[in-house]
Amino acid sequence: MSGAWTDLPDEFHAGVDPAHPERSDTATHMERLRSIRHGEAHLAWSRYQSIATIYDQLVVNSDGGFFIDRYTEMVTRVCREDAITRYRADQWVGEALALRDRLPKVATTLRDGILSRELIQTVITRTDLISDDAVIADLDTEIEHILRNRKGAWSKPTLRDMVDRLVFRHDPDAVRERRREALDKRGVWIDNFADGTGEITGVMAAENVRIAEKAVKALADTVCAHDGRKRNQRNSDAMFALLTGTVFECQCGREDCDAEVPDPAEVVRSVSTELIIHVVTDPATLDGAPGIGWVDGHGVISDEHVRELADRPDATLKPVTPVRTPPARVVADDATDAPSTEVVFVYPGAQAADPYRPTTACAEFVRVRDGYCTEPGCPSSAFDSDLDHVTEYDRTNPTQGGATSSENLNAKCRFGHLHKTFGDWIDAQYRDDDGHLVTEYRTPEGFTIPGGAETLEDLFPNLRRIRYEQPPQAPPTPRVITGEDAPSPTNRLASKHARRRAERARNKKQRLADQKEPPPF
């Protein structure tokens, strides 16, 4: 019998009348989307449960036949029921068994809607090299604990980095061995398509991939604005020119074309000497201690790989903090104003001549700390993103604007930054009870969306001990004035800033109240 799925839990409908969806507000629909996302994860968990049960019935508990025959029978049932390929059905079976037998606690985060099926696949693949049962059990427990207790959204790169840092800590030898095996398998492959095109694939070290990518894009971007090719088409033509040493030309067809296209060989020499690959690590790791590194655009790498990069003749080692370290000080807890035991080092965050602009050191630190764009789910690199004052810097009345400090700055991709500037959303950034940096986004109708769950502070905890603050001679940190004493906004921008300040003040007051009186379980 066909028809609508009528036995959905009430929260999936979220009080929406399908015949009159306009009668519910946007916040209600946002809640419904969140419930649907949780429901999709729960359905994926249910599928894995059934697949694992069928596996036991047809393969493990079978009285006769060869293993491969019974396994094929089992996979055939899955692929025909869902009308998918045998390869994909086999993948589903592998994932179901990995979650049941290796990652049962992580599997519950899929059941409860914390991770999606796509993200759970990331956890499975990043832990598949662990063969020790005790190690995988510890990883299962630790990953599940972080996923349940960390406030924020997980993107594929940040989840990958989180799992990789835990894997390396539990079994560093396996990570190093996997990298050596991967390098041994590097090479170039081609695949001819039926439509007269083909594909070329090259596998190499992560840093070499970045250099090659930069060279291709640098040459592709030398054409004029009238070239009719799309970016990927220009990249393809530029790659061929670089590989063969042939001429790459602008295809605008205009006699007065002003494009200055260099020789491909010159592009390679320029890129190989000028490309900056950001690698973050601890000084102790450089000196030979066990640890990890992080490569922009790639993720977590082993300590062995870090030291190889540092030993390259073209490598430049640069500390995140200035050479002259100021005296350390104890920071106060945000909720109680009581001194904590955390000792931090404080540096100037704003330029003396222009308090709106962060110092070079402050800007680099914020990008290192964030790693990625802070927009929920955005995989863009922080090093390719803009820096944004979370609490806006008020140019009209700087005494009311947000401070130019590392705690009030974060990385946003260009779209996210423009949307913040011209939209009506409100974002906030603060530290929770555990000292973890939290970002939140609030829609105009009041629906709160958590930002990223992890930054590079989680990979390198020493980053939490560094602060860049607005110097005393710069405009002070804003003091929110409400009620009759509040100044009247003079224009739309001032009105927007005032509204955002008031909204952040209310949200902070509620957050601090929740921290003092946690909700009952």
Side-chain angles (χ1 to χ4, degrees), residues 114 142-155 158-159 161-163 165-166 169 280-284 291-292 294 300 320-321 325-347 349 358 361-362 364-372 374 376 382 387-391 402-411 427-441 448 450-470 477 504 507-519:
I114 297 173
E142 193 163 0
I143 293 172
E144 189 247 358
H145 177 78
I146 291 176
L147 292 174
R148 288 193 177 279
N149 292 279
R150 182 73 58 75
K151 185 175 182 179
W154 293 97
S155 66
T158 57
L159 180 66
D161 291 350
M162 183 269 283
V163 175
R165 68 177 168 87
L166 297 181
R169 192 174 73 206
V280 183
T281 192
D282 286 319
I292 59 173
W294 180 87
V300 175
V320 173
T321 57
T325 301
R329 67 173 173 83
V330 178
V331 297
D333 183 85
D334 186 48
T336 64
D337 289 332
S340 71
T341 57
E342 183 184 11
V343 177
V344 300
F345 297 92
V346 182
Y347 305 91
C362 177
E364 290 181 352
F365 170 77
V366 172
R367 290 191 168 96
V368 166
R369 180 200 66 196
D370 292 346
Y372 302 93
T374 54
L387 291 189
D388 174 56
H389 287 73
V390 179
T391 298
T404 303
S405 66
S406 56
E407 296 293 281
N408 189 49
L409 291 169
N410 64 25
D427 58 336
Q429 182 168 276
Y430 61 91
R431 292 194 179 272
D432 62 16
D433 293 338
D434 297 323
H436 187 266
L437 194 65
V438 176
T439 57
E440 291 179 343
Y441 293 81
T448 300
E454 177 139 337
T455 68
L456 263 63
E457 285 187 347
D458 299 288
L459 275 68
F460 309 104
N462 282 333
L463 292 175
R464 290 198 178 98
R465 302 181 61 200
I466 301 171
R467 298 282 192 279
Y468 283 84
E469 295 184 353
Q470 195 164 265
T477 301
R504 286 194 183 96
N507 294 341
K508 181 178 180 180
K509 182 178 180 180
Q510 183 61 51
R511 183 176 73 247
L512 297 181
D514 293 341
Q515 289 174 347
K516 292 178 181 178
E517 299 180 7

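With sequence neighbours left out, the side-chain contact (heavy atoms from CB on, under 4.5 Å) criterion links S405 to A403, E407, N408. Annotation: side chain to side chain donor-acceptor pair (under 3.5 Å) contacts of T281 (sequence neighbours excluded): none. Scored by the ring pair (Phe, Tyr, Trp, His ring centres under 6.0 Å) test, H389 finds Y356, Y393 as partners (sequence neighbours excluded). Annotation: side chain to side chain donor-acceptor pair (under 3.5 Å) contacts of D161 (sequence neighbours excluded): W294, Y372. Taking E142 as the reference, R169 meet the salt bridge (Lys or Arg N to Asp or Glu O under 4.0 Å) condition, with sequence neighbours excluded. Residues that satisfy the salt bridge (Lys or Arg N to Asp or Glu O under 4.0 Å) test with D282, not counting sequence neighbours, are absent from this structure. For D434, the side chain to side chain donor-acceptor pair (under 3.5 Å) test picks out no residue, with sequence neighbours left out. In terms of the side-chain contact (heavy atoms from CB on, under 4.5 Å) criterion, residue partners of E364 (sequence neighbours excluded) are, by chain and number, K318, T360. A382 meets the side-chain contact (heavy atoms from CB on, under 4.5 Å) test with R367, D370, A411; sequence neighbours excluded. Residues satisfying the salt bridge (Lys or Arg N to Asp or Glu O under 4.0 Å) criterion with R165, sequence neighbours excluded, are E454. Under the salt bridge (Lys or Arg N to Asp or Glu O under 4.0 Å) criterion, E144 pairs with R148, sequence neighbours left out.
Between R464 and R467 the shortest heavy-atom distance is O-NH1, 2.7 Å. In terms of heavy-atom proximity, V366 sits nearest to N410 at CG1-CA, 3.8 Å. A pairwise comparison of heavy atoms in P450 and A153 identifies O-CB, 3.8 Å as the closest pair.
The backbone N or O of T455 lies less than 3.5 Å from a partner atom in the side chain of D458, making a donor-acceptor pair. With hydrogens and angles disregarded, no donor-acceptor distance shorter than 3.5 Å links the side chain of E457 to the backbone of H436. Distance alone, capped at 3.5 Å, is enough to place a donor-acceptor pair between the R369 side chain and the S406 backbone.
Side-chain contact check for W154 versus L147: some heavy-atom pair is nearer than 4.5 Å. The closest side-chain heavy-atom distance from N462 to F345 is not below 4.5 Å. Two residues are said to be in side-chain contact when any heavy atoms from C-beta on lie closer than 4.5 Å; D427 and D388 meet this criterion.
Atom NE2 of H145 sits about 11.0 Å away from atom CG of L166, to the nearest 0.5 Å. Atom CG of L456 and atom CZ of F365 lie 10.5 Å apart (nearest 0.5 Å). For the atom pair OG1 of T374 and CG of L409, the computed distance is 10.5 Å after rounding to the nearest 0.5 Å.
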Working for side-chain contact (heavy atoms from CB on, under 4.5 Å), residues R431 and L437: CA-CA 5 Å; R431 292 194 179 272; L437 194 65; 3.9 Å; yes
